[in-house]
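Hydrogens, waters and symmetry mates play no part in the numbers below; they use all other heavy atoms, side chains included. Remember, predicted model here, so these are calculated numbers, not experimental data.
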Amino acid sequence: MRIATWNVNSVTARLPRLLGWLSSAQPDVLCVQELKCTDEAFPRAEIAELGYDVACHGTGRWNGVAILSKAGLDDVTRGLTDQPAYEDVTEPRAIGATCGGVRVWSVYVPNGREPGHAHYAYKLRWLEALQATVLAESGAGRPFAVLGDFNIAPTDEDVWDISLFTESTHVTEPERKALAMLRETGLTDVVPRALKYDRPYTYWDYRQLAFPKNNGMRIDLVYANPAFAGAVSDAYVDREERKGKGASDHAPVVVDLTV
DNA sequence: ATGCCTTGTGGTACAAGA
């Protein structure tokens with residue numbers, strides 16, 4: 001089974017590239033983030049034509065997550081248990097489903113904006129809710145993984161120049177502690193191969209030639225329980241999809257499983 | 001060339017992204 005995650009930065013703007021990538025990479029399951037559209041506006045028919053069942057969770061111009069599956073799509077859950085709100089809005093940032101016996105969550109962790117900002121505190125609270133959901137669902141022998149845009153670089157090596165991040169989110173100790181807590185519940189960081197250069201970055205800013213300079217970050221992660229991680233036969237970042245006109249600023253992360 | 005930001009919304013700019 002091939003399972004992938006991709007922050008598409010608007011599913012409607014990315015639709016031609018999304019359809020092309022689904023056809024060429026042929027994932028059985030794709031976790032999508034940053035839909036930037038309502039469920040009504042989601043391009044369901046075009047994706048269904050490629051053989052995918054769709055479960056989406058979007059409300060409009062910000063956020064939005066989905067799971068596309070050719071392997072079954074059961075027990076869909078929208079939102080985390082006790083998911084915190086931001087400015088009184090519980091945002092569409094998490095959706096779970098069971099696909100061919102594999103439980104997956106597609107998540108778009110809040111950005112945080114800057115340390116000290118209310119959005120940063122919200123990010124940490126949100127990660128606590130994610131941990132509670134993981135604790136409730138990742139046990140037993142069923143393959144389980146949280147895939148998505150975590151907006152956290154797990155180590156200093158996961159950003160192109162750590163010296164530029166002294167005042168920034170994505171690399172702070174509390175954010176990394178939240179990832180460590182997820183690992184302590186039994187999840188493993190499934191680190192993909194880089195297809196070029198030495199680090200498997202998944203995001204490059206649109207500005208300042210970040211992609212040609214490989215000024216990237218690894219923030220799109222796959223956190224898997226032992227049954228999932230033990231079945232991984234390969235994992236890579238499809239950086240080819242970051243090239244050219246009309247690309248998302250994130251590249252897909254692809255994981256192959258023996259199940 | 002992988003190439004100097006992109007998106008949706010609302011209105012002829014702006015917030016948000018990380």
Rounding to the closest angstrom, what is the interatomic distance between dT7(B) and dA18(B) at atom C1'? 15 Å
Note: for G244(A) and G60(A) on DNA chain B, the residue whose nearest nucleotide lies more 5' is G244(A)
Atom CZ of R242(A) and atom C1' of dA1(B) are separated, to the nearest Å, by 15 Å
Numerically ordered, the residues 188-199 of chain A set in heavy-atom contact under 4.0 Å with DNA chain B is K196(A), Y197(A)
For R125(A), the side-chain contact (heavy atoms from CB on, under 4.5 Å) test, sequence neighbours excluded, returns P84(A), A121(A), Y122(A)
Would you please say whether a donor-acceptor pair under 3.5 Å links the side chains of D205(A) and Y203(A)?
-> yes
Cluster membership besides V8(A), Ile/Leu/Val/Met/Phe/Trp/Tyr side chains within less than 4.5 angstrom, sorted by chain and number, is W6(A), V11(A), L15(A), L18(A), L19(A), W21(A), L22(A), L30(A), V32(A), L35(A), F42(A), I47(A), L50(A), Y52(A), V54(A), L68(A), L195(A), Y236(A), V254(A)
note: E241(A), atom CD; dT2(B), atom P; distance rounded to Å ~ 13 Å
### Message
Tell me if the CG atom of D161(A) is crowded by more than 12 foreign heavy atoms within 6.0 Å.
### Response
yes
Here the distance between atom C1' of dC5(B) and atom NZ of K245(A), to the nearest Å, is 11 Å
Atom NZ of K243(A) and atom P of dT2(B) are separated, to the nearest Å, by 6 Å
| message | Whether the N9(A) and Y206(A) side chains hold a donor-acceptor pair (N or O, under 3.5 Å, no angle test) is what I'd like checked. | response | yes
For nucleotides 13-18 of chain B, 5' to 3', base contacts (B), sugar-phosphate-only contacts (S) and non-contacts (-) with protein non-hydrogen atoms under 4.0 Å give --BSBB
Quick note, salt bridge (charged side-chain N to carboxylate O under 4.0 Å, His left out) partners involving residues 164-189 of chain A, not counting sequence neighbours, are K123(A)-E175(A), D156(A)-R176(A), D189(A)-R218(A)
In whole angstroms, the gap separating C1' of dG3(B) from NZ of K213(A) amounts to 10 Å
* Got a sec: does the CD of Q208(A) have more than 12 other heavy atoms crowding it under 6.0 Å? -> no
With sequence neighbours left out, the residues meeting side-chain contact (heavy atoms from CB on, under 4.5 Å) with N215(A) are W160(A), A210(A), K213(A)
* Provide the distance between the two C1' atoms, one in dA16(B) and one in dG10(B), to the nearest whole Å. => 15 Å
